[in-house]
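The block underneath contains the structure these notes are about, expressed in structure tokens.
One-based numbering along the sequence shown. Keep in mind that what you see is a predicted model, and the values were worked out from it rather than measured. Whatever order the structure lists them in is the order used to number ligands and atoms, beginning at 1.
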Amino acid sequence: CVGMDDDLDHDDLVGLSSEVNPHSMFYQSPIDLESKEAYPIELSPLMFKGHWTLGHKPLIKNNDETVEIGEASSAKYHASLRGGPLHGTYKFSQAHFHWGNRSSHGSEHTINGHQYSMEVHFVHHHSKYKNIKEARGKVDGLCVVAFFLKVTEKNPRTNNRFNLIVHHLTKLRSAKSEEAAEPNILTCLKPIATPGDYFFYYGSLTTKPYSENVLWIVYPKWASVTESQVDEFRHIRGAGNKVIKSNYRGTQDLNGRTVYWVTA
Ligand code: SG7
Ligand code: ZN
């Protein structure tokens, strides 16, 4: 696979460089996470700091592809992640969502073959890099934490906390729109994150350029949401004023990677 490229230099091949091979398509994300196949390990606790009350007033925006909370380019937010499988501290830059046109689809990762209605991603970059842009091509550049949301047919329950996010969406329907959000806007996701067991593995961005420099942390717990809450996401318009009915990537081959199961 690597050998097909002419423009790789020696350092890339022997692994001395921190630059990611931009042409590799071998360790892609998302994947199906099989609990029986995962390698169990114990690690120091994974620590979320500042996500649930963001220091600066965050922006919530329609970025053409998804709804994003936070500022991708600047390091305005003081929220950070460390511990668990991480070497050093990773700074929070933004959270965004993936969904499908029907609630039986929508998540990117699947757990034992099961796909959820939505998946939330908390994107972080290593604190030694200034921002996402700089971290993008580096092997240890990014850590994305994923959580699931699910529409349950039996006993549907409105997730009132999730309305903290959903109530903004009618105003974000046109591409590139944005507005100020509440500093505690991410608190609706706190119960799924803490405390709990999780999977981790090495993979890629799930959108272009699909760079293979993401340490994925995936929480198998999910929170329930209603069909009408997910419908608000399905009204978001992207490029060409076209409704984004779905924005998830399908699962990719594991290609021999180890998936770890961390018991907190
Ligand atoms: C979404 O998913 C955006 C992207 C994000 C991409 O399209 O939120 O954000 C920006 C700033 O372009 O890319 C680097 C990055 O966060 C892929 O992110 S993902 O792999 O977590 N799905
Ligand atoms: Zn994502």
Requested in this report: Apply ring-ring contact (aromatic ring centres under 6.0 Å, His included) to the pair Tyr201 and His109, showing each step before the final yes or no.
Outcome: CA-CA 12 Å; Tyr201 76 97; His109 289 90; 5.6 Å; yes

Report summary line: Of all the N, O or S atoms in His121, the one nearest to the Zn ion (ligand 2) is ND1

Requested in this report: Only heavy atoms count here, so choose which of Glu119, Arg136, His125, Arg249 is nearest to atom 13 (O) of ligand 1.
Outcome: Arg136

**Report entry** Lys/Arg N to Asp/Glu carboxylate O, Glu232 vs Arg173, below 4.0 Å
**Finding:** yes

Report summary line: For Val144, the atoms of ligand 1 under 4.0 Å from one of its heavy atoms are 21 (O)

Requested in this report: May I ask you to check whether over 12 heavy atoms, not counting those of Arg237, lie within 6.0 Å of atom CZ?
Outcome: yes

Query raised in the report: Judged by modelled atom types alone, do Thr251 and Asp32 share a side-chain donor-acceptor pair under 3.5 Å?
Result: no

Query raised in the report: When you check the gap from the basic side-chain N to the acidic O, do Glu37 and Arg257 get nearer than 4.0 Å?
Result: no

Query - Modelled atom types, side-chain donor and acceptor of His98 and Glu119, under 3.5 Å - result: no

Requested in this report: May I ask you to check whether Glu65 has an N/O atom sitting below 3.5 Å from an N/O atom of ligand 1?
Outcome: yes

Query - For His98, the ligand 1 atoms whose distance to one of its heavy atoms is below 4.0 Å - result: 22 (N)

Report summary line: Among the N/O/S atoms of His98, the Zn ion (ligand 2) lies closest to NE2

Query raised in the report: Relative to the heavy atoms of Asn63, which atoms of ligand 1 are at a distance of less than 4.0 Å?
Result: 3 (C), 8 (O)

Query raised in the report: Any chance the side chains of Asn21 and Glu212 put a donor and an acceptor closer than 3.5 Å?
Result: no

Query raised in the report: Of the backbone atoms (N, CA, C, O) and the side-chain heavy atoms from C-beta on, which set of Thr66 has a member under 4.0 Å from an atom of ligand 1: side chain, backbone, both, or neither?
Result: side chain

Query raised in the report: Would you call Gln94 a ligand 1 contact, heavy-atom distance under 4.0 Å?
Result: yes

Query raised in the report: Should Trp216 be listed as contacting ligand 1, given a heavy-atom distance under 4.0 Å as the test?
Result: yes

Query - Glu227 versus Ser103, side-chain donor and acceptor atoms under 3.5 Å - result: yes

Report task. Check each heavy atom of Thr206 against ligand 1 and say whether those closer than 4.0 Å belong to the side chain, the backbone, both or neither. Result -> both

